[in-house]
Engineer: 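Sharing a structure with you now.
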Amino acid sequence: MRTNQPQTIYLNEYQVPAYLVDHVDLRFELFEDGARVHSTMAVRRNPESAQAEAPLELNGDSLKLESVSLDGSQLAGDAYEEQGDKLVVHTVPAQFELNVVTWIEPQNNTRLEGLYKSSGMFCTQCEAEGFRCITYYPDRPDVMAVFRTRVEADKAAYPILLSNGNPIEQGELEGGRHFVTWEDPFPKPAYLFALVAGDLVEKKDTFTTCSGRTIDLRMYVEPRNAAKCDFAMDALKRSMRWDEEVYGREYDLDIFMIVAVDDFNMGAMENKGLNIFNSSCVLASQETATDASFQRIEAIVAHEYFHNWSGNRVTCRDWFQLSLKEGFTVFRDAQFSADMGSPTVKRIEDATLLRTAQFAEDAGPMAHPVRPASYMEISNFYTLTIYEKGAEVVRMIHNLLGDELFRKGSDLYFERHDGQAVTTDDFVRAMEDASGRDLGQFRLWYEQAGTPVVTVSDDYDEQRGIYRLNIRQSVPDTPGQSGKKPQHIPFSLGLLDKAGEPVPLNLSAEEQGGPVERVLELTETEHSFEFHGVPERPVPSLLRNFSAPVRVQYPWSREQLLFLMSHDPDGFNRWDAGQRLAVDVIQSLVGAADDAEIEPRLVEAYRSLLNDASLDQALVAKMLLLPSEAYLVELADQADVPAIHEARQRVLTHLAESLREELVACYQRSKTQADYQLTPDAIALRSLRNTALAWLLHIKDAQGLAFALEQSRAADNMTDRLGALRALVNSDFVDEREQALAEFYDQFSDDPQVVEMWFSVQAASHQAGQLPQIQALLQHTAFDWKNPNKVRSVVGAFAGQNLAAFHKADGSGYQFLADQVCRLDDSNPQIAARLISPLTRWKKFAPQYGRQMKAALELVRNKNELSRDVYEVVLKSLAD
Ligand code: 7MF
Ligand code: ZN
């Protein structure tokens, strides 16, 4: 148990900083047994601050202080004080230079915050509060300084020395050492600082901006990865062009660098001019990366690049404003991905993530608004709510304003706030000022947690030709928030007649030939809309393209869903109707008798999807994927996960057995002879084919087995290779799956990114990932507790994707997770706190499960010296 309770930080206690830093001069002496950091700061009292006589307070964490001097004189011992995580200098003049020397041990830094070593190279991660692990500093985003950084190290071991901005000086030092000095002319918060030192190969390219400037583009990777850079480099150039064309944003420095690092707590980081990436989020080749990895890499490269404006040039005032940069940047990268591929597929993927995981977060003990009001540990607030719901909120503003006014608003935002640290409210105000729209009520999306529920009912007056929709909204209570106000919800819809033709939407008797799609703006708890001149009872198509992050309830009949699946002109809703139908069918089988009938119309609907080659194959590939167990759990009350798993498996078995011929034909049809291509069509065909393969192996089909073995043998790309492996691993062909796993590992054991996929295919599989098998994976030579990707690919995949194995009735899965969280908490608290999240929603599950989940949380709570990260999650999860 923790003895001292961590502090809670509150938004409403925000105060401007008492001191500002205009300039920082850093000098890093890097050695094998540690690093000495010399920092010289030009500090002045903040004229905006009311605390004129305040002492100077600098943040620090795990630092050994060697000296402090002010304006050139060493400070006496009583002039300053080290108070745990702070350095306080009692009396300082209005303006001064402060010099601080600290000693740190990057080689022993397993938390991967601040400066640390990863496969022999030095690298940094400073967001959110890692800079304080490097030196004493006012580590808050509203303190923005110009950084100059001199890096010194052994030249043979660390020939490459990098930091933010432009290189301005380099030279030789005694003892085989050398140095490079970098200067970043743009003032920035410390969280955007970065340093890299290592023996890396350099990949060079250039980009000519819209104003004709030539930018040096560079990627730095370990020599063995030299052949895996091309895709990310091209994605970077596409992102730079896109940001110019769509947002009018030109790159500002003369050089842009990307570094790949194997040990990284997150996906990537937008450090000014020096983005650092988790290797798995940037390195790719046709032979080692799946289609999904390529798409993820393109999106992450874009995301980090786009931060240069949305995050770096305009940054956050404090960490409560995190969604200011993350929500906006996720929205921007989603627009980019939609433009690069299939917009409907991208929307389906985003809505799936939101409905499966963000809605769950919003209904659990860690629920918080897009702009939280308090936190204990900010690392715990890099959440789906901040990122994905935050992006949905920006998307709704985009849809309310339209393309042109939104662009006007974003131009105004960047112009008005360039070089500033601002709030989500400043963002909304720029949108209001540019468009003339009042977003007063809309701001509730930032303030109120919880997923709004929109309940729709309808009636039809045949005599008068009036179709009426009654729409109610309610926002559920969340921890610390109740009695919420109605929100401003853009609700897009259409109506279809019996022939599947769109019905004009006339909102009054006078109106004629109205539009066939409308966005209704819901602002009250209850609305009623009348559509006139409707000749027959229509089928409503609601929340088209997922126009708001809400749950929609409407008593759809299976007949209506089947109709929408084949007739809705909105691709998203066609997919959604299929999902709702499948959910309904699966739910009706949970706990049902073994011989309960499975809806024959579902089989026929899937049959026509498989047979009709004229349909958009990208959409068909998505429609064929049954709703995930995680989504079914999210929709359930008192979830019994093994029962949900069984019901879903039964539907899958029934579909595969009934459609065997069609699956074989689909598999053969979608086998392309052409070279590997990353176009939406080619991706869709591979996805379709691998789904057909998975279904055939699910029913232990001999023809399917032959397909899988041949596909493994002949594959020229990782998508097909992994598709075959996954299908085998999830099958009952025990010998064949063991052999396939062994062969695959032999072939790729020297590629960490592929080994991570190999781990997660097993850990996520109900067949190959039962607890004893997971224990064995943890003993595998390639497993490494110090590498977050390995931990995620085994422990994370087991608890997050292999739901029926994790939720075993004896509670062994929970106990296992608690043990691993405790073990990780000492070395890497951020990863430990993320890993524990499957246990936090114990109240959601049937009591026999929930009770044991709670017991596992209590086990973690009772650990000695629990980190602040895990403590916050456990405390909130166990609160009533
Ligand atoms: C795309 O946001 C979407 C989200 C913080 C680290 C990257 O740029 C980032 C960093 C976390 C979680 C998700 C993402 C990132 C982080 C991310 C990356 C690409 N500022 Br934590
Ligand atoms: Zn980001």
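Counting starts at 1 for both ligands and their atoms, following the listed order. We number each residue from 1, following the sequence as shown. Reckoned from all heavy atoms, side chains included, excluding hydrogens, waters and symmetry mates.
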Engineer: Before giving the answer on salt bridge (Lys or Arg N to Asp or Glu O under 4.0 Å), spell out for Glu349 and Arg296 the whole-Å C-alpha distance, their side-chain angles and the decisive distance to 0.1 Å.
Structural biologist: CA-CA 12 Å; Glu349 287 166 353; Arg296 195 164 62 118; over 6 Å; no

Engineer: Quick check: does Glu326 put an N/O/S atom under 2.8 Å from the Zn ion (ligand 2)?
Structural biologist: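 Of the N, O and S atoms in Glu326, at least one lies under 2.8 Å from the Zn ion (ligand 2), which means yes.
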
Engineer: Check whether Asp362 reaches the backbone of Gly450 with its side chain - one donor and one acceptor, N or O, closer than 3.5 Å.
Structural biologist: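 Yes; judged by distance alone, with no hydrogens or angles, the pair exists.
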
Engineer: Determine all donor-acceptor pairs shorter than 3.5 Å in which one atom belongs to a side chain in residues 185-198; sequence neighbours excluded.
Structural biologist:
{"residue": "Lys188", "atom": "NZ", "partner": "Asp184", "partner atom": "OD2", "Å": "2.8"}
{"residue": "Tyr191", "atom": "OH", "partner": "Gly311", "partner atom": "O", "Å": "3.3"}
{"residue": "Tyr191", "atom": "OH", "partner": "Thr315", "partner atom": "OG1", "Å": "2.9"}

Engineer: Under the ring pair (Phe, Tyr, Trp, His ring centres under 6.0 Å) test against Tyr247, which residue among Phe306, Trp242, Phe331, Phe336 passes?
Structural biologist: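 So, applying the ring pair (Phe, Tyr, Trp, His ring centres under 6.0 Å) to Tyr247 and each of Phe306, Trp242, Phe331, Phe336, only Trp242 qualifies.
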
Engineer: Would you call Asp85 and Arg132 a salt bridge, using N to O less than 4.0 angstrom?
Structural biologist: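 A salt bridge is absent here (no side-chain N lies under 4.0 Å from a carboxylate O).
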
Engineer: Sort out for me which residue in Lys272, Arg249, Arg313, Glu270 forms a side chain to side chain donor-acceptor pair (under 3.5 Å) with Asn308.
Structural biologist: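 Considering Lys272, Arg249, Arg313, Glu270, a side chain to side chain donor-acceptor pair (under 3.5 Å) with Asn308 is found only for Lys272.
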
Engineer: Near ligand 1, which residues have a heavy atom under 4.0 Å away from one of its atoms?
Structural biologist: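 Close residues (ligand 1, cut-off 4.0 Å): Glu127, Met266, Ala268, Met269, Glu270, Ile300, His303, Glu304, His307, Lys325, Glu326, Tyr382, Tyr387, Arg834.
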
Engineer: I need the NE2(His303)-the Zn ion (ligand 2)-NE2(His307) angle, rounded to 10 degrees.
Structural biologist: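 For NE2 of His303 and NE2 of His307, the angle centred on the Zn ion (ligand 2) reads 100°.
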
Engineer: Taking Ser337 for the side chain and Ala334 for the main chain, is one N or O donor matched with an acceptor at less than 3.5 Å?
Structural biologist: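 No.
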
